[in-house]
Amino acid sequence: MFNLVDRDARSCRLRLVDTAQTRESFPRAFRVDIIFVLFEQTLAITAEIENTGPVVMPFSFGFHPGFPWPLPAASGKPHLLRLDDGAEPKMRRMDAQGFIGDAESSFFREGRMHLDPTQFERGAIIHEADWGNRIVFGVAGGPEVAITVAGLPSLGLWTRPGAPFLCIEPWHGLPVRAGAGDDIEERPGIIFLDAGDTRTMSLAIAVSG
């Protein structure tokens with residue numbers, strides 16, 4: 001559980017520190033602060049991860065926001081995702097055991113992915129890199145949600161079959177690759193944070209239309 005550290009009319013800071021319970025599954029000393037700031041139609045979220053222990057700390061981190069699909073007042077209209085610079089990043093899938101497989105061709109064409117629930121029948125879509133730092137979810141001429149990130153090179157897209165939402169999840173760190181070891185140090189995208197150091201990552205969600 002996070003504890004409230006500070007708040008005002010438009011922001012708050014929440015904090016999580018290691019406990020005997022967290023050390024049962026993650027045997028490291030740490031502090032995680034999540035800062036929320038709301039201004040106009042944008043929610044900015046910053047994560048500060050500090051290694052409060054005496055040795056190097058390997059870790060991964062990700063945000064997991066979800067959005068209505070269809071968006072409000074856009075039922076029955078085609079939804080799409082847009083990437084800057086016409087990116088067509090390779091994607092990976094997870095198997096039934098939760099391992100990620102080999103790279104596959106992207107659903108993005110010239111930076112656009114026209115959304116269809118059947119694209120998620122095999123589970124989450126994972127872009128390990130090369131997607132940029134900004135993605136827009138929306139309807140042509142209608143409502144849009146723009147997500148801009150810093151310090152988060154990977155992107156997960158996910159929904160449940162028949163569910164009315166789409167998760168757009170920027171990450172730093174991925175599940176274990178099929179055939180690889182399960183040690184956290186061997187997982188793709190793991191961060192190695194020196195004792196006393198802090199890593200900052202951020203996410204901004206802007207709504208329009």
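Along the sequence shown, residues carry numbers from 1.
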J.: Any idea which heavy atoms bring Q119 and H114 closest together, and the distance?
T.: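 Here Q119 and H114 meet closest at NE2-O, 3.0 Å.
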J.: Would you indicate whether the side-chain heavy atoms of I168 and L155 approach each other to under 4.5 Å?
T.: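 Yes. Closest side-chain heavy atoms under 4.5 Å.
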J.: Do F2 and D33 make a side-chain contact, defined as non-hydrogen atoms from C-beta onward lying under 4.5 Å apart?
T.: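 Not in contact.
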J.: Closer than 4.0 angstrom, basic N to acidic O: yes or no for E48 and R199?
T.: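 No, E48 and R199 are not salt-bridged.
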J.: Before accepting this row, confirm whether a basic side-chain N of the pair D8/R10 lies closer than 4.0 Å to the acidic partner's carboxylate O.
T.: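 Not counted as a salt bridge, because no side-chain N and carboxylate O are separated by less than 4.0 Å.
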J.: Under 4.5 Å between any side-chain heavy atoms of N51 and D194, yes or no?
T.: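 Of all side-chain heavy-atom pairs linking D194 with N51, none is under 4.5 Å.
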J.: Does E110, at its CD atom, have more than 12 non-hydrogen atoms belonging to other residues, nucleotides or ligands within less than 6.0 Å?
T.: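 Atom CD in E110 is not packed in, count stays at 12 or less.
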J.: Quick one: pull up CZ in F61 and CD1 in I49 and give me the separation to the nearest 0.5 Å.
T.: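 Spacing of CZ (F61) from CD1 (I49) equals 5.0 Å.
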J.: Can you see which heavy atom on H127 is nearest to which on K90, and at what distance?
T.: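 Scanning both residues completely, I find the closest heavy atoms to be CD2-O, 3.3 Å.
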J.: Specify whether W69 and F120 have parallel, tilted or perpendicular ring planes, treating 30° as the upper limit for parallel and 60° as the lower limit for perpendicular.
T.: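 Answer is perpendicular, since the angle exceeds 60°.
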J.: Within a 6.0 Å radius of atom CZ on R93, are there more than 12 heavy atoms belonging to other residues, nucleotides or ligands?
T.: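 Above 12, so yes.
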J.: P89 and A129: which non-hydrogen atoms are nearest, and at how many Å?
T.: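 Shortest heavy-atom separation between P89 and A129 comes out as CB-O, 3.6 Å.
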J.: Tell me every residue that passes ring pair (Phe, Tyr, Trp, His ring centres under 6.0 Å) with F59, counting only those two or more places apart in sequence or in another chain.
T.: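 Expected list: none.
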J.: Measure the spacing between CD1 of I34 and SG of C12 and express it to the nearest 0.5 Å.
T.: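 So the gap between those two atoms works out to 10.0 Å.
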J.: Answer yes or no: is there an ion pair linking E104 with R122, defined by an N-O contact shorter than 4.0 Å?
T.: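 So E104 pairs with R122 through a salt bridge.
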J.: Do the side chains of V149 and F36 join up, straight or via other hydrophobic residues, at under 4.5 Å, putting them in one cluster?
T.: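 Yes, one cluster joins them.
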J.: For T46 versus S202, what's the shortest heavy-atom pair and its separation?
T.: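 Closest approach of T46 to S202, heavy atoms only: OG1-CB, 4.0 Å.
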J.: Take a 6.0 Å sphere around CG of D18 and say whether it holds more than 12 heavy atoms from other residues, nucleotides or ligands.
T.: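 Counting other residues, nucleotides and ligands, CG of D18 exceeds 12 neighbours.
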J.: Are I126 and F108 connected into the same hydrophobic cluster when the rule is that any two of I, L, V, M, F, W, Y join if their side-chain heavy atoms are below 4.5 Å apart?
T.: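 No, F108 and I126 fall in different hydrophobic clusters.
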J.: Give me the atom names and distance for the closest heavy-atom approach of G138 to L71.
T.: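 Result for this residue pair: CA-CD1, 3.7 Å.
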J.: Hey, what's the ring geometry for H79 with F137, parallel, tilted or perpendicular (30° and 60° as the breaks)?
T.: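 Geometry flag for F137 against H79: tilted rings.
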J.: Consider only side-chain heavy atoms of I, L, V, M, F, W and Y, link residues closer than 4.5 Å, and tell whether L14 and V17 are in one cluster.
T.: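 As far as the 4.5 Å side-chain criterion goes, V17 and L14 are not connected within one cluster.
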J.: Treat each ILVMFWY residue as a node, draw an edge where side-chain heavy atoms are under 4.5 Å apart, and state whether L174 and L193 are in one component.
T.: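 Hydrophobic grouping puts L174 apart from L193.
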J.: For F107, what residues pass the ring pair (Phe, Tyr, Trp, His ring centres under 6.0 Å) criterion, not counting sequence neighbours?
T.: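 Not a single residue meets the ring pair (Phe, Tyr, Trp, His ring centres under 6.0 Å) criterion with F107.
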J.: In Å, rounded to the nearest 0.5 Å, how long is the span from CD1 of I184 to CZ of F26?
T.: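 Here the interatomic distance stands at 5.5 Å.
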J.: Output yes when D6 and R13 qualify as a salt bridge under the 4.0 Å nitrogen-oxygen rule, no when they do not.
T.: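 So D6 does not pair with R13 through a salt bridge.
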J.: Between W171 and G173, what is the shortest heavy-atom contact and its length?
T.: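 In this case the closest contact between W171 and G173 is CB-O, 3.7 Å.
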J.: For R177, which residues count as a salt bridge (charged side-chain N to carboxylate O under 4.0 Å, His left out) partner, sequence neighbours excluded?
T.: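 Here the qualifying residues are E128.
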J.: Out of curiosity, M113 CE to L157 CG, how far, rounded to the nearest 0.5 Å?
T.: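 Answer for the CE-CG pair, M113 versus L157, is 6.0 Å.
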J.: Do P175 and M94 come within less than 4.5 Å of each other through their side chains, counting heavy atoms only?
T.: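 Yes, close enough: below the 4.5 Å cut-off.
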J.: Taking atom CG of L16 and atom OG1 of T22, what is their separation to the nearest 0.5 Å?
T.: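 One finds 7.0 Å between CG of L16 and OG1 of T22.
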J.: Sub-3.5 Å donor-acceptor pair from the side chain of T42 to the main-chain atoms of A206, do we have one?
T.: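 Pair absent, no side-chain N/O of T42 close to backbone of A206.
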J.: Do L203 and L81 sit in the same hydrophobic cluster, where Ile, Leu, Val, Met, Phe, Trp and Tyr count as joined when their side-chain heavy atoms come under 4.5 Å apart?
T.: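 Yes, L203 connects to L81 through the hydrophobic network.
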J.: To the nearest 0.5 Å, what is the distance between CE (M91) and OG (S105)?
T.: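 Result: 7.5 Å between the selected atoms.
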J.: By the definition salt bridge (Lys or Arg N to Asp or Glu O under 4.0 Å), identify the one residue from R28, R31, R15 that meets it with E50.
T.: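 Considering R28, R31, R15, a salt bridge (Lys or Arg N to Asp or Glu O under 4.0 Å) with E50 is found only for R31.
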